[in-house]
Amino acid sequence: MSRLIVVSNRVSVPKAMGAAGAQGGLAVALSAALREHRGIWFGWSGKETETFTGHLDMQRNCDVTTATIDLEPQDIDEYYNGYANRTLWPLFHYRIDLTEYDRSFDEGYERVNARFADSVAPLIEPEDLVWVHDYHLLPLGSMLREKGVTNRIGMFLHIPWPPTRLFVSLPNHEQLVASMLHYDLIGFQTEEWLDSFTHYVKKEMGLPVADDGTIEYQGRQILARAFPIGIDYEEFTEGARSAEAREAHDRLKSSVRGRKMLIGVDRLDYSKGLGERFDSFGRFLTDNPDMAKDVVLLQIAPPSRENVASYQQIRHDLERKAGHINGAHADVAWVPIRYVNRGYRRTELAGFYRAADIALVTPLRDGMNLVAKEYVAAQDPEDPGVLILSQFAGAALQLTDAVLVNPHSTEEVSDAIERSLRMPLEERRRRHQALLNSIREEDVVDWREAFVATLQGKRTTEPSHAEPFLAADETS
Ligand SMILES: O=P(O)(O)OC[C@H]1O[C@H](O[C@H]2O[C@H](CO)[C@@H](O)[C@H](O)[C@H]2O)[C@H](O)[C@@H](O)[C@@H]1O
Ligand SMILES: O=c1ccn([C@@H]2O[C@H](COP(=O)(O)OP(=O)(O)O)[C@@H](O)[C@H]2O)c(=O)[nH]1
């Protein structure tokens, strides 16, 4: 079996089984793949160093080898806070109004990708498979090719790919995509993002794309395909049965004193539609005075990317909005929105999910959304809660038995809350069973096995010669 080299912006150091709840499902799944393939997980340590040294910190934990580098402040600013999270993230989430174009970001992005390539290339052996993750590292494949790496290299994009008319607003869009065409396999979360990508490649670059997603470029064949990510069903449900999850469930249940509870769990990110969600809940309280006092919304929103201004702004806006709605509706013994700016371990979240009658998962745009899947997996099948899900989350293409909503319409979401609170047990069970089947059948283990198997079956015929990602006139 080939070794697997996983490359991602951040690396999650594997923890012992008992601490699995502290890790993301993706980290657990990738760790399992790395154990099976005796591989290495390479990326940024998350730490800052005064001057970049390229020092590789190799560690072995729970049979997984990780290799990390520290980045200097300018790198973090231009690459992570800059090009990744002020340019690509908003643009790829259709927020052209928040998208910032700054040449220093492009330079930082290219520099850090080159640093990744320099550091990881010596770790790659001839038969290894290389799997690159996400929008932070789109040109990494081409930089590895420049260094003579001829291995099979795959890339998986965890976030949406925007429609062509939006994407072309990115300066150097063609160079960026051309740099991606040095991968052997490019994976997307859904057919929708895949179609947007192949549309761009056909219409803007004039390249042939076969029905099976094979793109022809400079004598090479690149396969583009959808691989919807899932949760680690076994690992998550094991955590959901733990004492910690039960204790979290009981604590929350007793605190709501018999009221119905809605839950939202999202990084504090404008793509998650939290402002629209609060407005919808406020509208529900106004439109349903008979039910209002018997309902509580718990919104867990750990801060994210705090050095980016748009994230500071959304945090400020949400504090005001929650305060405003609570001020208008609360009484001495009841506050309608519990707004919590901290993160919880996933085993605790599992208990919270089970205690909630409804999950409000209403992003304006989301690559997949694993919270939607975790909520379903945590329910009591005999008396399950209802998932209200945005039609704009990647997960909506699989979870068609959720109550699907347009998150921009406060009326529609408010009606969905009312309908879900009144939903008969029979219908809740039927919907839950259908959702659970889909989540079990397409879990994260299937996802990574399908991606790795497809990558393994695909080879570049010729080592490719890669052009630099940015046009010469932009960099000089
Ligand atoms: O590393 P951060 O900047 O703190 O961000 C956390 C992660 O956010 C994004 O998650 C995406 O991947 C999920 C799993 O595939 C998917 O369900 C979700 O819709 C995406 O938004 C980001 O893509 C990751 O790289 C970050 O680690
Ligand atoms: O307090 C929290 C909030 C979220 N999560 C986890 O973070 C992930 C969020 O993934 P999702 O795909 O929903 O969104 P992303 O944040 O990746 O955009 C899920 O596994 C959550 O269980 C967590 O462990 N603790």
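Atoms within a ligand are numbered from 1 in the order they appear, just like the ligands themselves.
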(request) Step through the shown structure and confirm whether more than 12 heavy atoms of other residues, nucleotides or ligands are within 6.0 Å of CD on E50. (result) no

(message) Which residue in the set Y183, W447, W41 passes ring pair (Phe, Tyr, Trp, His ring centres under 6.0 Å) when paired with W131?
(response) W447

(request) Please determine which of W161, Y135, F197 meets the ring pair (Phe, Tyr, Trp, His ring centres under 6.0 Å) test together with F92. (result) W161

Side chain or backbone of [X] under 4.0 Å from ligand 2, or both, or neither, by non-hydrogen atoms?
X: H158; answer: neither
X: V265; answer: side chain
X: L349; answer: side chain

Within 45° of the ring axis of [Y] and under 6.0 Å from its six-membered ring centre, is that where the NZ or CZ of [X] lies?
X: R115; Y: F52; result: yes
X: R305; Y: W89; result: yes
X: R342; Y: Y344; result: yes

(message) Applying the side-chain hydrogen bond (donor to acceptor under 3.5 Å, both in side chains) criterion to D317, which one of R320, Q313, K321 satisfies it?
(response)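 The single option meeting the side-chain hydrogen bond (donor to acceptor under 3.5 Å, both in side chains) with D317 is Q313.
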
Taking N or O atoms only and a 3.5 Å limit, does [X] qualify as a polar contact for ligand 2?
X: P302; answer: no
X: R346; answer: no
X: R342; answer: no
X: K272; answer: yes
X: E374; answer: yes

(message) Using a 4.0 Å cut-off to any heavy atom of G343, which atoms of ligand 2 qualify?
(response)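 With G343 as reference, the close atoms of ligand 2 come out as 1 (O).
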
(request) Could you tell me which atoms of ligand 2, counted from 1 in the order shown, lie closer than 4.0 angstrom to a heavy atom of Y344? (result) 1 (O), 2 (C), 23 (C), 24 (O), 25 (N)

(message) If you scan the protein for heavy atoms around atom 27 (O) of ligand 1, do you find one that is closer than 4.0 Å?
(response)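 For atom 27 (O) of ligand 1 the answer is no, since every protein heavy atom stays at 4.0 Å or beyond.
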
(request) Would you mind checking if D383 and R428 are paired as a salt bridge, meaning a charged N to carboxylate O distance below 4.0 Å? (result) yes

Looking only at protein heavy atoms, which one is nearest to [atom], and how far off is it?
atom: atom 10 (O) of ligand 1; answer: R267 NH2, 4.6 Å
atom: atom 23 (O) of ligand 1; answer: D134 OD2, 2.5 Å
atom: atom 18 (C) of ligand 1; answer: D366 OD1, 3.5 Å
atom: atom 1 (O) of ligand 1; answer: R10 NE, 2.9 Å
atom: atom 15 (O) of ligand 1; answer: H158 ND1, 2.7 Å

(request) Hey, could you give me the CG/CZ distance between L364 and R277, rounded to the nearest 0.5 Å? (result)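 Between L364 CG and R277 CZ, I get 9.0 Å after rounding to 0.5 Å.
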
(message) Working to the nearest 0.5 angstrom, can you tell me the gap between Y339 OH and Q299 CD?
(response) 7.5 Å

What part of [X], side chain from CB on, backbone N/CA/C/O, both or neither, has a heavy atom under 4.0 Å from ligand 1?
X: F156; answer: neither
X: R305; answer: side chain
X: L370; answer: both

(request) Answer yes or no for F92: is there a heavy-atom contact with ligand 1 below 4.0 Å? (result) no

